[in-house]
Asker: 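There's a structure below that I have some questions on.
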Amino acid sequence: MKKNKIYIKSYGCQMNVYDSNRILDLFKNQNYEITDEPREANLVVLNTCHIREKAAEKVYSDIGRINKLKKDYPKDNFKLVVAGCVAQAEGEEIKLRAPSVDFIVGPQSYHKLPDMLKKDDSIISDDFTQNDKFKNLIYNSTGGVSEFVSIQEGCDKFCSFCVVPYTRGPEFSRPVKEIVNEIEKYLSQGVKEIIFLGQNVNAYHGFGEDGKTKDLAYLINRVSELEKLKRIRYMTSHPIDMTDTLIKTHKSNSKLMPFLHLPIQSGSNRVLKDMNRRHDVDFYKKIVEKLRNERSDIALSSDFIVGYPGETDKDFDDTMNFVNEVNFVIAYSFIYSQRPGTPAQKKDNISLSDKKARLSALQSLLKEQQKNYNKSFVGKKMEVLFEKKGRHTDQFIGRSIYNQSVFINSEANLINKITDVKIINSTDFALESFA
Ligand code: SAH
Ligand code: SF4
Ligand code: F3S
């Protein structure tokens, strides 16, 4: 009998990648082989993202490409699945626009996929069944040294521009014990670092082993008791949930890495208010100050949206001034994208050329900060966890405690090792430990 093969493509955030890993685990358990070649697969899963228009539209062109492959390489029993946040938001529309899609599953119900395929009846599954989902998933390491662990799902914040509360549903935190079990499994498979994931990861409030609600600081301290675990990171955090206890954990827990991704979106109080972010610029600066008081070397990262409806030149200047003041080691910036069903959708009123000009100015500033930050490590020693081979012979790539990529040449295999290396060169995006 010919072997079943699955191909999966992730379009979105780390959580979307985590879901893809779990979908692969579910089908490995059904004796599927994994392939990187869509034309070899008889099960193709597109695990989609709805956050910006471009990401969402890409799905339809990819469906067209898969249909062509299907014609050129006909296979028995071929199935095309659209999973993820577009599936959740536009399930019915996908069915109408792309009748070749066999199954549609949202991010909180994909555990049902193997069953749906077997029964071949219900086509759409888009319930918010977080609790059921985590109980029915299979958890195996992807084979690397670092593993994502989803601890919190969904979002109750409803920022005016964002689809996540609609695509991922209400906030849900997994119980501590379930998370510890998952991590222990990865550690037994050689993993050294875990990255806790959640759309609002610092709003984590899962049940502890004693039946009482626990916060993220507790969870970090609890899992750091696991001896084989060497490094802990978490993302993405919201400023209003950045508690003093969590800030202090950055000092007291040596396994917690000195890096924090803390999106602000804009440096203008007026825009923040309109975005329903629920805090102002000073509130954010105060968190930065507290963090730096506890851990002076903490590396800060953020997200920004430019061209939000009604953003004036003055608002944008405020963002630039804010970035200059805080100094980020890396940050991601996006042009505002109008999303269906969100409150900001109705008012998009800034020209694309203005949006592009602002994005380019902000990105140059952020790149300059990142470059200078990386440069400041040249000549210094730093601790690196090596993850994989590089493109060149004898080259290895790892991560510094501040989450920078570090390249080194070595004849000895460094993968899965934590070593101090001396930084010789820096580039805009990485550090090099060779001349
Ligand atoms: N939960 C996180 C991030 C969610 S999405 C948070 O609270 O910040 C990741 C990033 O995508 C956001 O931080 C934001 O910068 C960007 N984003 C979300 N919706 C967007 C939209 N409609 N247009 C452009 N960028 C968007
Ligand atoms: Fe989206 Fe805001 Fe929730 Fe983040 S906090 S996922 S930006 S609604
Ligand atoms: Fe995209 Fe869904 Fe993540 S919309 S960013 S895949 S939560």
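Excluded from the calculations below are hydrogen atoms, water molecules and symmetry mates; all remaining heavy atoms, backbone and side chain alike, are included. Each ligand, and each atom within it, is numbered from 1 in the order the structure gives.
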Asker: May I ask you to identify, for P165, whether its side chain, its backbone, both or neither come under 4.0 Å of ligand 2 on a heavy-atom basis?
Answerer: side chain

Asker: How close does the nearest protein non-hydrogen atom get to atom 1 (Fe) of ligand 3, and which residue and atom is it?
Answerer: C49 SG, 2.3 Å

Asker: Return the closest protein heavy atom for atom 4 (S) of ligand 3 as residue, atom name and distance.
Answerer: H50 N, 3.2 Å

Asker: Between CZ of F27 and CD of E33, what distance do you get to the nearest 0.5 Å?
Answerer: 15.0 Å

Asker: Could you tell me, atom by atom, which parts of ligand 1 come under 4.0 Å of a heavy atom of Y336?
Answerer: 23 (N), 24 (C)

Asker: I51 near ligand 1, heavy-atom distance under 4.0 Å?
Answerer: yes

Asker: Among protein heavy atoms, which sits nearest to atom 2 (Fe) of ligand 2, and what does the distance come to when rounded to 0.1 Å?
Answerer: C159 SG, 2.3 Å

Asker: List ligand 2 atoms under 4.0 Å from H238, heavy atoms only on the residue side.
Answerer: 5 (S)

Asker: Yes or no: does Q199 have any heavy atom under 4.0 Å from an atom of ligand 3?
Answerer: yes

Asker: Got an N/O contact under 3.5 Å between D303 and ligand 1?
Answerer: yes

Asker: Let me confirm one number: the CD-CD distance from E53 to E57, rounded to the nearest 0.5 Å.
Answerer: 6.0 Å

Asker: So F322 and F328, would you call those rings parallel, tilted or perpendicular, with 30° and 60° as cut-offs?
Answerer: tilted

Asker: Measuring from atom CD1 of I195 to atom CZ of R233, what distance do you get when rounded to the nearest 0.5 angstrom?
Answerer: 6.5 Å

Asker: Tell me, please, whether Y18 has R22 positioned over its six-membered ring: NZ or CZ under 6.0 Å from the ring centre and within 45 degrees of its axis?
Answerer: yes

Asker: For atom 3 (Fe) of ligand 3, what's the nearest protein heavy atom and its distance?
Answerer: C13 SG, 2.3 Å

Asker: List every atom of ligand 2 that sits less than 4.0 Å from any heavy atom of V164, numbering the atoms from 1 in the order shown and giving each element.
Answerer: 6 (S)

Asker: Salt-bridged, E182 to K185, with N to O below 4.0 Å?
Answerer: no

Asker: Any N or O on R52 sitting closer than 3.5 Å to an N or O of ligand 1?
Answerer: yes

Asker: Quick check: does Q265 get an N/O under 3.5 Å from an N/O on ligand 1?
Answerer: yes

Asker: Atom 7 (S) of ligand 2: which of R278, E171, R277 has the nearest heavy atom?
Answerer: R277

Asker: I'd like to know whether ligand 1 has V163 as a neighbour, heavy-atom separation below 4.0 Å.
Answerer: no

Asker: So, the side chain of K255 versus the backbone of E225: is there a donor-acceptor pair under 3.5 Å, distance only?
Answerer: no

Asker: Out of all atoms in ligand 3, which are within 4.0 Å of some heavy atom of N16? Include the element for each.
Answerer: 6 (S)

Asker: Which of the numbered atoms in ligand 1 are under 4.0 angstrom from any heavy atom belonging to R339?
Answerer: 22 (N)

Asker: What is the nearest protein non-hydrogen atom to atom 2 (Fe) of ligand 3, stated with its residue, atom name and distance?
Answerer: C85 SG, 2.2 Å

Asker: Report yes or no: does V164 have a heavy atom closer than 4.0 Å to ligand 1?
Answerer: no

Asker: Checking the N or O distance criterion of under 3.5 Å, is ligand 1 in contact with Q199?
Answerer: yes

Asker: With a 4.0 Å cut-off, would you call K157 and D241 a salt bridge?
Answerer: yes

Asker: Note the single closest protein heavy atom to atom 1 (Fe) of ligand 2, along with its residue, its atom name and the distance in Å.
Answerer: C162 SG, 2.3 Å

Asker: Any idea which atoms of ligand 2 are less than 4.0 Å away from a heavy-atom of F158?
Answerer: 8 (S)

Asker: Could you check whether any heavy atom of R277 sits closer than 4.0 Å to an atom of ligand 1, since that is the contact criterion I want to use?
Answerer: yes

Asker: Relative to each other, are the rings of F283 and H279 parallel, tilted or perpendicular (30° and 60° limits)?
Answerer: tilted

Asker: Has ligand 1 got any nitrogen or oxygen that is less than 3.5 angstrom from a nitrogen or oxygen of S337?
Answerer: yes

Asker: Please confirm whether F259 and Y402 have ring centers closer than 6.0 angstrom.
Answerer: no

Asker: Side chain, backbone, both or neither: which part of C155 comes within less than 4.0 Å of ligand 2 when only heavy atoms are counted?
Answerer: side chain

